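Working notes, structure below.
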Amino acid sequence: MSKDAWGYQPRNNRPAPDWDVQPQTDAVRAGLTRTGFGETSEALFLNSGFTYSSAQEAFDSFTDETDHFVYSRFHNPTVAMFEKRLAAIEGAEFCTAFSSGMAAAFASLACIVEAGDHIVACSSMFSSCHVIITEILPKWGVTYELVKANDLDGWAKALSKPTKAVFIETPSNPLLEVTDIRAVSELAHKVGATVIVDNAMASPVLQRPLELGADVVMYSATKHIDGQGRVLAGALLGSFSYIQEKLLPFIRHTGPSLSAFNAWILLKSLETMDMRVQRMNSNAQEIAEYLEGHPSIQSVRYPGLASHPDSDVIKKQMIGGGTTIGIEFKGSQKDAFKFMDSLRIIDISNNLGDSKSLITHPSSTTHRRLSAEVQAGMGITPSVLRLSVGLEDVRDLIKDLDQALTS
Ligand SMILES: *Cc1c(COP(=O)(O)O)cnc(C)c1O
């Protein structure tokens, strides 16, 4: 990241580094704007509005002639520090924070589409993203087509028609289907489509969609970015023309803003995100290998296993298998429930990317909003479970799984 992204303030009066620092250094320091008190950690600006020294200054602030903060629905100093820090880590020109991942997902599309426009998306998605694309936007005359994540011929066919936006979730929730970001971005750009990647499952640590050709990266920051079960948040990252010209005019008036308090928590989360995600990733790899050979398990879907159908694409675009494992259990929903109820450490919960290991039964919870037919298309059956691996000692997690599988 360039030194310009550093918010070093006159208080210390030291120059910013004159070399491009590593993402982990940005994760601890980028965006830091100190007040005159010279506080070590980021300050929390819990205020909705700002004052001006003159009527002229207010006028100039509203016409964006100066950098003066105006109102926390538009901008807030603590939220801005979080946005700068995440942009630096991701290598994006701009970042905008949101009150939740879904607020970011909706705005990512709503700010660019109008009646008559067409969206192409992958068929396996987080259920609320599916609802936005297949139910909400069509009410306003936006059409869509869904393509199976790894069906490149299907993507080429769908993207032979005029398309405004491509929405990809890779790896997908819950069954870890993988889309080739580079190949689909090339196809999409030929028809002028904006490529949006929901990178919540991989996190900024394990996959960098902008470097693979995507235009916009979307996060549920609730997941690995906070990753400690405290706040809901979202983010969109992309170019000046997307964020400043398309997105900001839309969200300034619709108000999905992140609270300063939550941004302050997320600033601290970013400092440890790399360490947390790397450890969760290696724990998940070990657990996936353990589960794959277990006689009570029908199949294991994990991007870090050679058995994943798209392991070639995974090697090109991810630097680890991630923190989430799809498990197809041998037996009925009743058996799957009994297994979940027998766990002593791993919690039953629908969140993921958390420091606490969590297990979910998608068809009865996170994905129940989708019809049985759509669920079946995503491979979600009553015997599928999703395990989000946390930061506990992996030996205890394997012991827990083992005793529950035996009981
Ligand atoms: C959780 C999640 C979302 C939604 O994010 P929220 O912060 O819960 O609104 C979107 N996409 C994916 C892949 C998710 O896992």
Side-chain angles (χ1 to χ4, degrees), residues 82 86 95-110 121-136 146 149 165-179 181 196-207 209 214 216-237 251 254-259 262-263 265-266 269 273 277 280 284 301 303 318 322-326 349-354 356 358-362 365-370 378-380 384-390:
F82 168 67
L86 188 57
C95 171
T96 300
F98 289 82
S99 53
S100 71
M102 287 322 303
F106 178 65
S108 74
L109 291 164
C122 53
S123 53
S124 273
M125 279 186 275
F126 186 69
S127 69
S128 298
C129 298
H130 198 275
V131 170
I132 287 174
I133 291 169
T134 65
E135 294 179 34
I136 297 175
L146 303 181
V166 168
F167 193 91
I168 302 171
E169 179 178 312
T170 183
S172 68
N173 182 353
L175 273 176
L176 296 313
E177 288 186 21
V178 169
T179 303
I181 297 173
I196 301 157
V197 174
D198 180 343
N199 205 32
M201 297 288 285
S203 88
V205 178
L206 301 176
Q207 179 168 270
V216 178
V217 176
M218 181 221 126
Y219 285 110
S220 163
T222 317
K223 309 298 164 58
H224 303 89
I225 294 178
D226 175 45
Q228 290 152 89
R230 300 172 297 187
V231 300
L232 277 180
L236 289 174
L237 296 111
I251 61 172
T254 51
S257 331
L258 179 64
S259 84
N262 288 356
I265 290 181
L266 291 161
S269 308
M273 174 178 68
V277 173
M280 287 153 71
R301 178 68 70 85
M318 292 182 75
T323 65
T324 309
I325 303 171
S349 172
N350 42 279
N351 200 1
L352 61 86
D354 198 273
K356 292 186 171 52
L358 308 171
I359 196 159
T360 308
H361 183 254
T365 59
T366 52
H367 289 67
R368 66 170 296 134
R369 173 76 175 70
L370 305 177
M378 294 187 180
I380 301 172
V384 164
L385 299 174
R386 183 190 73 196
L387 174 63
S388 168
V389 178

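These numbers were taken from a predicted model, which means no experiment stands behind them. Numbering of ligands and ligand atoms starts at 1, following listing order.
- Of all the atoms in ligand 1, the ones that sit under 4.0 Å from a non-hydrogen atom of G101 are 5 (O), 6 (P), 7 (O), 9 (O).
- For atom 13 (C) of ligand 1, the nearest non-hydrogen atom from the set T170, D198, T222 comes from D198.
- The residue M125 has no part lying near ligand 1, judged by heavy-atom distances below 4.0 Å.
- The residue S128 has no part lying near ligand 1, judged by heavy-atom distances below 4.0 Å.
- Between the side chains of R230 and S269, at least one donor-acceptor pair of N or O atoms lies under 3.5 Å.
- The CZ atom of F126 sits 8.5 Å away from the CG atom of D198 when rounded to the nearest 0.5 Å.
- Set against the non-hydrogen atoms of E169, the atoms of ligand 1 under 4.0 Å away are 13 (C).
- In terms of protein heavy-atom proximity, atom 15 (O) of ligand 1 is nearest to K223 NZ, 2.8 Å.
- Applying the side-chain contact (heavy atoms from CB on, under 4.5 Å) test between F106 and each of T254, I132, I133, V131 identifies I132 as the sole match.
- Applying the ring-ring contact (aromatic ring centres under 6.0 Å, His included) test to H367 and every residue at least two apart in sequence or in another chain returns nothing.
- In this structure, the side-chain contact (heavy atoms from CB on, under 4.5 Å) partners of A149, at least two apart in sequence or on a different chain, are E177, T179.
- The shortest separation from a heavy atom of A233 to ligand 1 is under 4.0 Å, placing the residue in contact.
- Counting only distance, with no hydrogens or angles, the side chain of N199 and the backbone of V217 share no donor-acceptor pair below 3.5 Å.
- Just one of L358, I325, T324, T365 meets the side-chain contact (heavy atoms from CB on, under 4.5 Å) condition when paired with R386; it is T324.
- For atom 9 (O) of ligand 1, the candidate residues are M218, M201, H224, M102; the nearest heavy-atom contact is made by M102.
- Taking a cut-off of under 4.0 Å to the non-hydrogen atoms of N173, the atoms of ligand 1 that pass are 15 (O).
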